[in-house]
2 protein chains.
Amino acid sequence: MNKKQKDQTTEQKILEAARAVFMEQGMAGARMQDIADKAGINKALLHYYFRNKNKLFEVIFLDAAARFMPRVSMLFESEQPLFDKIRAFTTTYMNMLSENPYLPTFILTEMHKQDGAKFLEKIWGGEKPPVEKLAAQVRKEAAKGIIKPINPLELILNMVSMCVFPFAAKPMAKLVFNLSEAQFKQVMEQRKTSVAQFIIDSIRK
Amino acid sequence: MNKKQKDQTTEQKILEAARAVFMEQGMAGARMQDIADKAGINKALLHYYFRNKNKLFEVIFLDAAARFMPRVSMLFESEQPLFDKIRAFTTTYMNMLSENPYLPTFILTEMHKQDGAKFLEKIWGGEKPPVEKLAAQVRKEAAKGIIKPINPLELILNMVSMCVFPFAAKPMAKLVFNLSEAQFKQVMEQRKTSVAQFIIDSIRK
DNA sequence: AGATAGTTTAACCAAATAGTTAAAACAAAA
DNA sequence: TTTTGTTTTAACTATTTGGTTAAACTATCT
C-alpha cells in the first residue's frame with residue numbers, strides 16, 4: 001500500500017472542488033465534469049473516489065450543515081452572563097460566515113429538499129441542542145429584572161436572522177443599497193459588533 | 001382570432017405550474033416535463049407558449065423578485081412616524097411571506113446566479129428605492145431624541161432579516177426547535193407583531 | 001527485474017431532458 | 001358547409017450528463 005505525501009492528496013483536491021461547485025450551483029446545478037475540471041482530474045477518477053454524485057454531495061452537505069449549525073455549546077452550556085453569550089456568538093458566527101459566503105443559501109435551499117431527520121441524526125446523533133438550558137437562563141435573568149421577558153425561541157431566531165440573512169442576501173443588498181464589494185464588507189465588519197448591541201438594547205431593562 | 005373564456009386560460013395554467021415548480025426546484029432542478037404535467041398539458045404546448053426554459057424562467061423570476069422587493073413606498077415616501085412604518089412594514093411583509101413560503105430561498109439562490117443589474121432594470125426601471133428619504137427620517141427622529149442614533153442601512157437590514165430569515169430557514173428551525181407545522185405557524189403568527197416591538201425596543205430612547 | 005496493489009486515463013454507454021416538427025383537432029367566420 | 005387561423009398533440013431529434021469499462025501507468029515491495 002502507498003500513501004500520498006504530495007502537497008495535496010487527490011481526495012482533498014476533489015473535496016475542495018466539490019465544495020466550491022456544489023455551494024455555488026446547488027445539487028441540481030452542479031456538474032460532475034465541472035468538479036473534475038476544477039480538481040484537475042478526469043470524471044472517471046472522480047467516480048473512482050466517490051461512487052456517484054449523491055454520495056459526494058452527502059459528504060459536502062453534511063460538512064456544510066455541521067458548520068452552519070455551529071458549536072452552540074457556548075450558548076447553551078457555559079455559565080456566562082446572557083449578554084456576553086450574545087456578543088460572543090454573533091461575532092464568532094459572523095466571522096465564520098464571512099469566510100463561507102455561499103454557505104447560507106446552499107444549506108437553506110438544500111434543506112428544503114433533503115430529509116431533515118436523516119441529517120440531524122448524522123450531525124448530532126439524533127440529539128438536539130439543549131435549548132431548554134438557554135431558555136432557563138433567559139427566564140432567570142428576566143426574573144432578576146436584568147432583561148425584559150422574551151420568548152427564548154424568538155430571541156434565538158432574531159439573533160441568527162440578523163447574523164445570517166445579510167450574507168444570504170448579499171447580491172440583493174449590494175443592488176438595493178448601491179454598495180461596492182468593499183463597502184459591503186465594511187458594513188458586515190461593523191455588524192460583527194452592532195448586531196449584539198442591537199439585541200442587547202432591545203431586551204435590556 | 002378567439003379568446004378563451006374558460007375558467008383559466010392555458011397561459012395562466014402554465015404560469016401557475018411554472019411558478020410552483022421553479023420555486024420548489026430552482027432553475028437547474030426544474031423539469032419542463034414537470035411543469036407541463038402540473039399544468040395538465042404536454043411539453044410541446046409549453047414551448048409553443050414560451051419559446052424555451054430561460055424565457056419562462058425569466059417571467060417567473062421577475063414576478064417573484066418584484067414581490068420579494070415589496071412596494072416599500074410606504075417606508076420611504078409617507079410622512080408617518082418611524083415606529084408606525086416599522087409596524088406596518090413587518091406585518092404586511094410577513095403576511096405576504098406566509099403565503100409564499102418558497103419565495104425567499106428561491107430569490108436568494110437565483111440572485112447569486114443571475115445578472116442583478118439586468119433585473120433591477122426590469123423591475124424598477126434602473127431606479128432604486130430612495131433610501132435617503134428614510135435615512136433622513138431616522139436622523140431627524142434621532143436628533144429629536146425619539147430614537148437612538150443608528151445607521152439606517154443596518155436598521156433596514158435588521159428589519160428585513162428578522163422578517164425573512166425564519167421563513168427561509170423553516171425546515172431547519174422546525175428540526176432544531178422540534179416544532180410541528182402548527183407550532184411553527186403559531187410562532188410566525190406571533191412574530192408578525194413581536195418583530196416590530198423588538199426593533200422599537202432596541203432603538204427607542 | 002518481476003509481481004502486486006493502488007491510481008489515472010480515454011473511450012464508451014445509457015438515461016434524461018430541452019427543444020422541434022408535422023399533422024390533427026378545434027373554434028370562429030364566411 | 002367550407003375556410004381560415006389558432007390550439008393541441010404524438011412522435012422524433014440532438015445534446016447533455018451521470019456513470020462504466022478496460023487498459024495503461026506508477027510506486028512499492030520482493
Side-chain angles (χ1 to χ4, degrees), chain A residues 1-64 106 109-110 113-115, chain B residues 1-62 64 106 109-110 112-115:
Chain A
M1 43 241 42
N2 76 39
K3 284 257 138 73
K4 270 281 167 60
Q5 61 271 60
K6 273 175 148 188
D7 319 340
Q8 215 187 8
T9 170
T10 302
E11 189 172 340
Q12 286 176 321
K13 285 193 293 183
I14 292 177
L15 286 172
E16 192 176 302
R19 183 150 34 235
V21 174
F22 276 130
M23 290 253 190
E24 277 190 40
Q25 307 296 333
M27 167 62 174
R31 295 293 101 104
M32 293 298 267
Q33 187 63 61
D34 292 346
I35 295 173
D37 290 349
K38 195 155 221 166
I41 59 172
N42 89 1
K43 218 175 34 156
L45 185 55
L46 192 54
H47 282 90
Y48 173 78
Y49 276 88
F50 297 89
R51 198 177 314 262
N52 58 42
K53 194 180 176 185
N54 277 309
K55 285 259 193 293
L56 179 55
F57 175 79
E58 194 173 345
V59 173
I60 301 299
F61 179 73
L62 283 176
D63 176 72
F106 173 69
T109 305
E110 300 300 337
K113 294 164 197 163
Q114 309 299 327
D115 174 13
Chain B
M1 40 271 13
N2 75 38
K3 284 257 136 73
K4 269 284 168 59
Q5 60 271 60
K6 275 176 147 186
D7 319 340
Q8 216 186 8
T9 169
T10 302
E11 190 172 340
Q12 287 176 319
K13 285 193 292 182
I14 291 176
L15 287 172
E16 192 175 302
R19 183 151 33 236
V21 174
F22 276 130
M23 290 254 190
E24 279 191 40
Q25 307 297 331
M27 167 63 173
R31 295 293 104 106
M32 293 298 266
Q33 188 62 62
D34 292 347
I35 295 173
D37 290 349
K38 195 155 218 163
I41 58 170
N42 88 7
K43 222 176 30 158
L45 185 55
L46 193 55
H47 281 89
Y48 173 78
Y49 275 89
F50 298 89
R51 199 178 314 263
N52 57 43
K53 193 180 175 183
N54 279 310
K55 285 259 192 293
L56 180 54
F57 175 79
E58 195 174 342
V59 174
I60 300 300
F61 179 72
L62 283 176
F106 173 70
T109 305
E110 300 299 338
H112 276 301
K113 294 164 198 164
Q114 309 297 327
D115 174 13

Spacing between [X] atom [atom1] and [N] atom [atom2], to the nearest angstrom:
X	N	atom1	atom2	answer
B/D34	C/dA16	CG	P	13 Å
A/I41	D/dT26	CD1	C1'	17 Å
B/N42	D/dC12	CG	C1'	13 Å
B/F50	D/dT8	CZ	P	13 Å
A/L45	D/dA23	CG	P	19 Å
A/L46	D/dT21	CG	C1'	16 Å

Exercise. Picking from D/dT8, C/dT20, C/dT9, which would you name as closest to the side chain of A/A44?
Worked result: C/dT9
For the atom pair [atom1] ([X]) and [atom2] ([Y]), what is the distance rounded to the nearest 0.5 Å?
X	Y	atom1	atom2	answer
A/L15	A/R19	CG	CZ	6.0 Å
B/I60	B/E110	CD1	CD	12.0 Å
B/H112	A/T109	NE2	OG1	8.5 Å
A/Y48	A/I41	OH	CD1	12.0 Å
A/I35	A/I14	CD1	CD1	9.5 Å

Pairs of donor and acceptor atoms involving the side chains of residues 20-33 of chain B, under 3.5 Å and at least two apart or interchain, shall be tabulated with distances.
unit_1 : atom_1 : unit_2 : atom_2 : d
B/R31  : NH2    : B/A28  : O      : 2.6
B/Q33  : NE2    : B/D37  : OD1    : 3.0

Look at [X] and [N] and indicate whether a side-chain polar atom (N or O) is within less than 4.0 Å of OP1 or OP2.
X	N	value
B/T10	D/dT8	yes
B/Y49	D/dT8	yes
B/Y48	D/dT7	yes

Any protein N or O atoms within reach of nucleotides 16-18 of chain D? Criterion: under 3.5 Å, listing atom names and distances.
unit_1 : atom_1 : unit_2 : atom_2 : d
D/dT17 : OP1    : A/R31  : NH1    : 2.5
D/dG18 : OP1    : A/A30  : O      : 3.4
D/dG18 : OP1    : A/R31  : NE     : 3.2
D/dG18 : OP1    : A/K53  : NZ     : 3.4
D/dG18 : OP2    : A/M32  : N      : 3.1
D/dG18 : N7     : A/K43  : NZ     : 3.1

Problem set entry | A/F57 and A/F50, any side-chain heavy atoms less than 4.5 Å apart |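 Not touching, per the 4.5 Å side-chain cut-off.
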Problem set entry | Any B/E58 side-chain heavy atom under 4.5 Å of B/L62 side chain |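 Yes, their side chains come closer than 4.5 Å.
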For this session: Represent DNA chain C in dot-bracket notation, 5' to 3'. Only Watson-Crick or G-U wobble pairs with both distances under 3.5 Å count; pseudoknot-style crossings use [ ] and interstrand partners use |.
Result: ||||||||||||||||||||||||||||||
Exercise. When you look at NZ of B/K55, are more than 12 heavy atoms from neighbouring residues, nucleotides or ligands closer to it than 6.0 Å?
Worked result: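 For B/K55, atom NZ is not crowded (no more than 12 foreign heavy atoms under 6.0 Å).
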